[in-house]
Amino acid sequence: MGKVNKTDREWQRELSAEDYRITRQKGTEAAFTGQYWNSKQKGIYVCKCCGAELFSSETKYDSGSGWPSFYKAIDNQAIHNAFILEFDV
């Protein structure tokens, strides 16, 4: 997945206020509160900003941390790229 170039204004229009805070401003959800921390739904977890496939529900486990935890990425490079995109490292 290539780099996504958008202005802050574009991101603010496309994302909810909470998603913008988390993905663009290095925020986080409180533990045990997010939409997916306790989800048992089958599927693929994707980057909210670029759409890259990150994790399969098949590799999700309960770490006790209050956030979704996975033992294997679909593509390690996609994780790296999503981190760069979301956190502008």
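Keep in mind it's a predicted model, so treat the numbers as computed, not measured. What you see below is based on every heavy atom in this structure, not just the backbone, and it leaves out hydrogens, waters and symmetry mates.
Under a 3.5 Å cut-off, the side chain of Glu10 and the backbone N or O of Thr7 do form a donor-acceptor pair. Side-chain atoms of Lys48 do not come within 3.5 Å of backbone N or O of Leu15 as any donor-acceptor pair. Counting only distance, with no hydrogens or angles, the side chain of Trp37 and the backbone of Gly66 share no donor-acceptor pair below 3.5 Å. Within the 3.5 Å criterion, the main-chain N or O of Gly43 finds a donor-acceptor partner in the side chain of Ser57. Remark: the backbone N or O of Lys72 is paired with a side-chain donor or acceptor of Thr59 at under 3.5 angstrom.
What you find for Cys47 and Cys50 is that their closest heavy atoms are SG-N, 3.4 Å. In terms of heavy-atom proximity, Ala31 sits nearest to Ser65 at CB-O, 3.6 Å.
Between Lys40 and Lys60 the shortest side-chain heavy-atom distance does not fall below 4.5 Å. Counting heavy atoms from C-beta outward, Cys49 and Glu14 have side chains that stay 4.5 Å or more apart. Residues Thr23 and Trp11 have side chains not in contact (no heavy-atom distance under 4.5 Å, counting atoms from C-beta outward). Contact check for Asp75 versus Glu53: no side-chain heavy atoms found under the 4.5 Å cut-off. Put simply, the side chain of Ile74 does not reach to within 4.5 Å of the side chain of Leu54, judged on heavy atoms.
Other residues, nucleotides and ligands contribute more than 12 heavy atoms inside 6.0 Å of the CZ atom of Arg13. Annotation: Tyr36, atom OH; neighbour count of heavy atoms from other residues, nucleotides and ligands within 6.0 Å does not exceed 12.
Put simply, CH2 on Trp67 and CG on Asn38 are 14.5 Å apart, with the number rounded to the nearest 0.5 Å. A distance of 8.0 Å separates CZ of Arg21 from CD of Glu29, quoted to the nearest 0.5 Å. Taking CG of Asp8 as the start and CD of Gln25 as the end, the distance is 7.5 Å to the nearest 0.5 Å.
Two rings, from Phe55 and Tyr45, have their centers 6.0 Å or more apart.
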